[in-house]
Amino acid sequence: MAERRTRTSNAPDRLARWTGRLFAPPVLPVAAGCALSWRAASPVWGITAAVWAALGAMAIGLGVRRGWWSDWELSRRGERPLPLAWATAGALVVWLACWRLGAPRELLVPAALAPLGGAAFVVCTRRGKVSLHTSAAAGGVALLSIEVSGWCAVVGVPLLALVGWSRVRLGAHTGRQVWAGGVLGAGLTAVVLWLAG
């Protein structure tokens, strides 16, 4: 298992730390969802996703403040199941509400990735510590590349590599955990979009 670095004073460590913060797990998937929402001329659904992600981040922040979890990144594997289960349940409730309120299919299909991805992570956490950062980033890049344009991968893949490097650099994950997260995020996204036609 990777050991977290305790000192981050040099430039590569600062870059790694800021990369991890800027591309925390909800960022790229929510950005991708908002882009699809604007593209479908239904921005209200993208705003709904962004608000829900903000509420999820606030819940994690509250848990850290109360001492339920050690840090924002849920770096201890034993702390992950409960917040992941809450996030999964919340994402499912939001998806069901959007479906009931008549969100367009081109947004409902990718939105289904949130509860499905959360459930996959709950299962994976029982066996190991897969990188949430790289999974979310890979899922966001795959979503935009498939649904918007393959050119999104030109920017997205190097960004994904930077996120993966940052997780290893900071000692948050091993290279294997980073790869597993990337494969899980991109693979789940591709399979769901393919099954949905």
L108 versus W95, closest heavy-atom pair with distance: O-NE1, 2.8 Å

Distance-minimising heavy-atom pair for V154 and P158: O-CD, 3.1 Å

Considering all heavy atoms, the nearest T88-P115 contact: CG2-O, 3.4 Å

Side-chain heavy-atom pair S166, L15 within 4.5 angstrom cut-off: no

Heavy-atom closest contact (G20 atom, H133 atom, distance): O-NE2, 3.0 Å

Path from L160 to L162 over hydrophobic side-chain contacts below 4.5 Å: no

Side chain to side chain contact (heavy atoms under 4.5 Å, CB included), paired with V191, selected from L193, L195, L188, T189: L195

Heavy-atom side-chain contact between V178 and W165 under 4.5 Å: no

Exercise: identify the closest heavy-atom pair between K129 and A172: NZ-O, 2.9 Å

Heavy-atom pair of closest approach, residues V130 and C124: CG2-CB, 4.0 Å

Just list the side-chain donor-acceptor pairs under 3.5 Å for residues 135-148, sequence neighbours left out, or say none.
unit_1: S135; atom_1: OG; unit_2: G181; atom_2: O; d: 3.4
unit_1: S135; atom_1: OG; unit_2: G185; atom_2: N; d: 3.4
unit_1: S145; atom_1: OG; unit_2: V141; atom_2: O; d: 2.8
unit_1: S145; atom_1: OG; unit_2: A153; atom_2: N; d: 3.3

Spacing of F121 atom CZ and L184 atom CG [to the nearest 0.5 Å]: 5.0 Å

Interatomic spacing from NE2 in H173 to OG in S131 - rounded to 0.5 Å: 4.0 Å

Partner set under side-chain contact (heavy atoms from CB on, under 4.5 Å) for R21, not counting sequence neighbours: R17, W18

Heavy-atom check, side chain of T19 versus side chain of V163, under 4.5 Å: yes

Side-chain touch L96/L92, heavy atoms, less than 4.5 angstrom: yes

Interatomic distance, R169 atom CZ to D13 atom CG [nearest 0.5 angstrom]: 4.5 Å

From L22 atom CG to L159 atom CG, the distance as rounded to the nearest 0.5 Å: 10.0 Å

Sub-4.5 Å side-chain heavy-atom contact between L84 and L132: yes

